[in-house]
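Computed over heavy atoms, backbone and side chain alike; hydrogens, waters and symmetry mates excluded. Naming: A, B, ... by sequence-line order, numbering from 1 per chain. Here the structure is a predicted model, which means the values were calculated and not measured.
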2 protein chains.
Amino acid sequence: MQDYDPGAFPPFAVTVDLAVFTVREGRLHVLLVERGEDPFKGAWALPGGFVRPRESAGQAARRELAEETGLSGETVADLHLEQLRTYSDPDRDPRMRVVSVAYTALLPDLPEPRGGGDAAQAQWTPLTAAVLLAFDHDRILADAHDRIGAKLEYTCLATSFCPPEFTLGELQQVYETVWGVDLDRPNFRRKVLTTPGFVEAVEGPPRRTGGRGKPAALYRAGTASALHPPLLRPEGRHA
Amino acid sequence: MQDYDPGAFPPFAVTVDLAVFTVREGRLHVLLVERGEDPFKGAWALPGGFVRPRESAGQAARRELAEETGLSGETVADLHLEQLRTYSDPDRDPRMRVVSVAYTALLPDLPEPRGGGDAAQAQWTPLTAAVLLAFDHDRILADAHDRIGAKLEYTCLATSFCPPEFTLGELQQVYETVWGVDLDRPNFRRKVLTTPGFVEAVEGPPRRTGGRGKPAALYRAGTASALHPPLLRPEGRHA
DNA sequence: CTCCTTAATAGTCATGTTGACTATAAAGGT
DNA sequence: ACCTTTATAGTCAACATGACTATTAAGGAG
């Protein structure tokens with residue numbers, strides 16, 4: 001840290017990129033924006049932008065998320081944002097040297113984003129259709145998907161995908177959607193209910209379902225953050 | 001990523017910092033260097049340095065590690081280096097805006113580093129004595145310790161702390177040292193040996209031990225990278 | 001208003017993994 | 001020879017899991 005004069009070579013730009021996921025119609029969706037400028041003008045990309053001189057990368061990530069989704073400041077302030085990793089290949093941006101800190105966020109299914117900010121438009125895209133993104137965003141997105149799949153195993157993060165009150169069926173669908181597997185309903189239920197602090201029951205009548213079948217009881221996220229022991233996905237289909 | 005002119009504000013410097021661990025005499029040690037320049041001249045710090053214009057952060061981390069430890073290029077090329085996270089608080093360096101990508105590495109017990117490179121000196125320090133470091137390195141070090149503790153649970157990473165051939169007792173001591181707990185020896189043995197690909201037996205006579213007791217069989221790291229199911233540490237003493 | 005379908009919830013049972021132990025084997029030291 | 005030390009083998013109960021079956025409570029079709 002001592003022998004290099006930072007003024008002796010062209011400086012770096014630092015950006016944040018966001019992999020924001022939601023579960024919609026039983027499929028995993030990711031928030032994408034259409035680029036309005038070169039390079040990659042017209043291509044789809046992860047939302048993100050430059051870190052400003054007096055903010056941290058985490059602050060920049062929240063700011064960009066609010067700008068590009070139109071979510072209220074409080075909503076964005078509350079939600080779970082997690083640093084994924086940093087991408088620093090010298091050629092990842094054709095214009096200049098850009099190092100990007102990637103973040104992941106999990107949202108409940110929300111109204112369509114109003115493509116605010118600078119993005120030409122922003123929209124939820126099924127993960128399967130999110131390919132050929134700008135820069136190295138395909139790679140970032142794949143890393144983010146791997147990460148949240150692993151995190152579901154040993155954290156309570158799945159509740160972040162759900163509205164404040166949710167049924168165990170909805171929670172199970174989060175796992176099934178992210179992992180791409182089917183889980184046994186009674187076993188899933190047993191595991192969730194016997195893990196202290198994962199969920200807590202909501203008093204009162206079940207939610208108006210609209211659908212067929214016995215109405216499900218409502219739960220909200222508990223106070224625990226880690227799962228002990230973890231909820232492992234079937235088969236060693238790990239990394 | 002569109003509305004900000006990168007030339008419109010002072011640029012960022014990008015550095016790497018390394019939390020390099022080893023197990024020595026039953027205690028976890030971390031590699032520290034003494035700073036030869038202001039700021040924090042004379043203080044201890046994690047090894048690291050500026051990322052050069054044409055290298056990635058990962059390449060910079062390997063280069064710095066080789067420079068400051070005197071390890072051979074091949075050794076450094078082979079070893080497991082893992083990106084921890086990026087630290088970007090605007091005030092983390094009093095001189096200028098510096099964003100640092102932190103990496104973690106695990107080494108077997110090695111000869112004392114020859115404080116090469118720019119570091120006034122480099123040396124292994126017991127983790128308990130590694131406090132009041134320069135910049136935000138106390139925080140980075142704490143994060144790194146948390147991370148490797150968690151990684152030991154569900155990966156085969158512990159073998160990185162061991163020489164090419166090792167006994168199960170040595171492997172167990174890695175777990176006990178990093179987690180700060182005592183493990184039951186027969187149970188640990190059963191878990192390691194029944195996990196496919198964690199370790200494989202080495203043919204031939206046991207190593208000259210020098211010590212008392214029955215000589216232990218030798219093993220080397222297997223081909224697996226993940227542990228299924230994980231080797232959970234006792235008590236929910238997680239995060 | 002009954003029967004059928006659907007989904008939630010309750011429970012069973014065999015298997016697998018873990019934690020806490022006890023027992024034996026093979027080395028060095030006195 | 002004995003004692004100490006460490007490695008290795010094996011036992012057993014508690015717990016968690018995977019694969020099931022059964023019951024309950026809703027909506028919809030005749």
B/S/- along nucleotides 7-13 of chain C (protein heavy atoms under 4.0 Å) is BSBBBB-
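- The six-membered or imidazole ring of B/Phe188 lies near that of B/Tyr175, with a centre-to-centre distance under 6.0 Å.
- In this structure, the salt bridge (Lys or Arg N to Asp or Glu O under 4.0 Å) partners of B/Asp136, at least two apart in sequence or on a different chain, are B/Arg92.
- Applying the side chain to side chain donor-acceptor pair (under 3.5 Å) rule to A/Thr75 yields the partners A/Ser72; only residues at least two apart in sequence or on another chain are considered.
- Here D/dT8 presents its P atom at 11 Å from CD of B/Gln172, a figure rounded to the nearest Å.
- By the side chain to side chain donor-acceptor pair (under 3.5 Å) test, A/Asn187 pairs with A/Asp184, A/Arg190, sequence neighbours left out.
- With 3.5 Å as the limit, one finds a donor-acceptor pair spanning the side chains of B/Ser100 and B/Asp17.
- Remark: B/Tyr219 engages no residue in a ring pair (Phe, Tyr, Trp, His ring centres under 6.0 Å) (not counting sequence neighbours).
- Between the CZ atom of B/Phe198 and the P atom of C/dT17 there is a distance of 16 Å, rounded to whole Å.
- A straight line from CG of B/Leu231 to C1' of C/dT17 spans 12 Å, rounded to a whole angstrom.
- A/Leu232 has its CG atom 11 Å from the P atom of C/dT17, to the nearest Å.
- Between the side chains of A/Thr22 and A/Asp109, not a single donor N or O lies within less than 3.5 Å of an accepting N or O.
- For the pairing with B/Ile140, the side-chain contact (heavy atoms from CB on, under 4.5 Å) check across B/Leu84, B/Thr104, B/Leu18, B/Leu133 returns one residue only, B/Leu84.
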Protein N or O to nucleotides 14-16 of chain D N or O, pairs below 3.5 Å:
none

